[in-house]
Amino acid sequence: MTDWSIDGSLTLGPRLLFRGALRVEAGWTCLMGASGTGKTTLLRALAGLPVAAALAGTVHRPERIGWMAQADLLQPHLTVEQNAVLLERLAGRKADPDRLATLLGSVGLEGLSRRYPHQLSGGQRQRVALARALLQDAPVLALDEPFSALDPATRQQMQHMVHGAVAGRRVLMVTHDPAEALRLADRILILSEAGLRVISPPAAPAPRRVSGPQDWETLGQLAAAVAG
Amino acid sequence: MMRGLASFAITLALWQGIVALGLLPAFVLPAPVAVIETALKSRALLATHFAVTLIEVLSGLFIGAILGMSLAVMLQLLPPLRRYADPVLAASQSVPVFVLAPVLTIWLGYGLGPKVAMTVLIVFFPVLSSLTDAMDALPEADLDLARIAGASRWRSVRFLRFPHAQPSLASGLRVAATYAPTGAVIGEWIGASKGLGYLMLMANARSQTALMFAALALILGLTVTLRAGVTALMRRWV
């Protein structure tokens, strides 16, 4: 298993956003924190994407990384199918048509492969983004608030779908939503000026429902952390 | 379409009416009926000159569009070329290309060459700049896809930037198609023995105003058809 980690510091001007070592472990890790603490910067640095902050130190990552952002990043002039294979094309690989068809079916896009993004609902568009990320067959996925633009019902549906689809891969997701972290996370990290803090999610296997006073307490803790 | 035809018919009727009042002599403004009569009488002459202009316009439009698109792509692929070309292109945008027509005649003679070259120049810049601006304007977030995939510059142009620029390229090509006939006609004005521009000058010198208007109508018709053709082609492609 290739290491996915950062060891060093991220500074934005005079501000230190992160210092230390973080290794993304198997399962689903949620990265939370107040606005402007540098969650997305940390995620992007781990994904090997350019950041405004200065990185001192080293990042280890697998060659292939799956990426889902808040926006679906679908190209308006490409069909569902063409959008789904876009990352493969950009990487200079050819996608196996059978595998593509199976994958599109498994994320609920059967029969929609020739549609254009403007003909899809928000949830369907995000499923195309999911298919695009999964088709790369990357061992790790970096998710930057992928569900935040969806309506609550669609969001829950997509959380379950993604959770099932990415089983066995390492996932790091930035989120603002305490309920989302509680539902999906195997490990919750809070980023603040004081550094990284770990909050344990409930013991039940994810995806889980919020139930009982203990979960309420965790939710409250997370909400406080996000509020800063 | 119907509305366009109706406006066209009303304009012609107004024109005919003004001429019928007898306020303007026919050598200043001939009646539409007289223009049509002349056009029919001189159809062989008009057709010969129209064919020449058509060839100039089509080849100029084609070559100019290909050159504009190729250079736009090359500028994306080769940053050093971009750094050199940007100021040159910005400066050349402010040169009215028409003033180059006499120079082109010196360089390329009096045949098809300078007319095609004039058309190429007129087509080249709107195509180049519309495509370049739109390829530059690919959102940063979309560019993350190329970075995540580790895409080469060529592949991010081919699969992200160029497709992203399609609508803008289409409008650039429409503008180019509108200006292309102007380029050819101006080339013909500077020095030619064939073409609708030449025919207009000749008819002007002989006070054959109706023939001049007939040639003008053909140029307008060519422009409108070309624009519609490019629009239809783009709709199919985009």
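By convention in this document, chain letters (A, B, ...) are assigned in the order of the sequence lines, proteins followed by strands, and residues within each chain are numbered from 1.
- Only the side chain of A/Arg132 comes within less than 4.5 Å of a heavy atom in chain B; its backbone stays farther off.
- The two residues B/Leu145 and A/Leu73 have their closest heavy-atom pair at CD1-O, 3.7 Å.
- The neighbour count for B/Phe50 CZ, taken as heavy atoms of other residues, nucleotides or ligands under 6.0 Å away, is above 12.
- Note: B/Gln166 CD to A/Leu78 CG = 8.0 Å, rounded to the nearest 0.5 Å.
- Contact of A/Arg64 with chain B is not made at all, since no heavy-atom distance falls under 4.5 Å.
- For the residue pair B/Phe159 and A/Leu86, the shortest heavy atom distance occurs at O-CD1, 3.7 Å.
- Of all heavy-atom pairs spanning B/Arg147 and A/Arg44, the tightest one is NH1-NH2, 4.2 Å.
- Of the two parts of A/Leu49, only the side chain, counted from C-beta on, holds a non-hydrogen atom closer than 4.5 Å to a non-hydrogen atom of chain B.
- In this structure, CD in A/Gln75 is found 8.0 Å from NE2 in B/His164, a value given to the nearest 0.5 Å.
- Using a 4.5 Å cut-off between heavy atoms, A/Gln136 contacts chain B through its side chain alone, with no backbone atom that close.
- Within 6.0 Å of CD on A/Gln119 lie more than 12 heavy atoms contributed by other residues, nucleotides or ligands.
- Residues B/Pro167 and A/His77 come closest through the heavy atom pair CG-NE2, 3.3 Å.
- Atom CZ of A/Arg19 has 12 or fewer neighbouring heavy atoms from other residues, nucleotides or ligands inside a 6.0 Å radius.
- B/Leu160 CG to A/Leu90 CG: the interatomic distance, rounded to the nearest 0.5 Å, is 4.5 Å.
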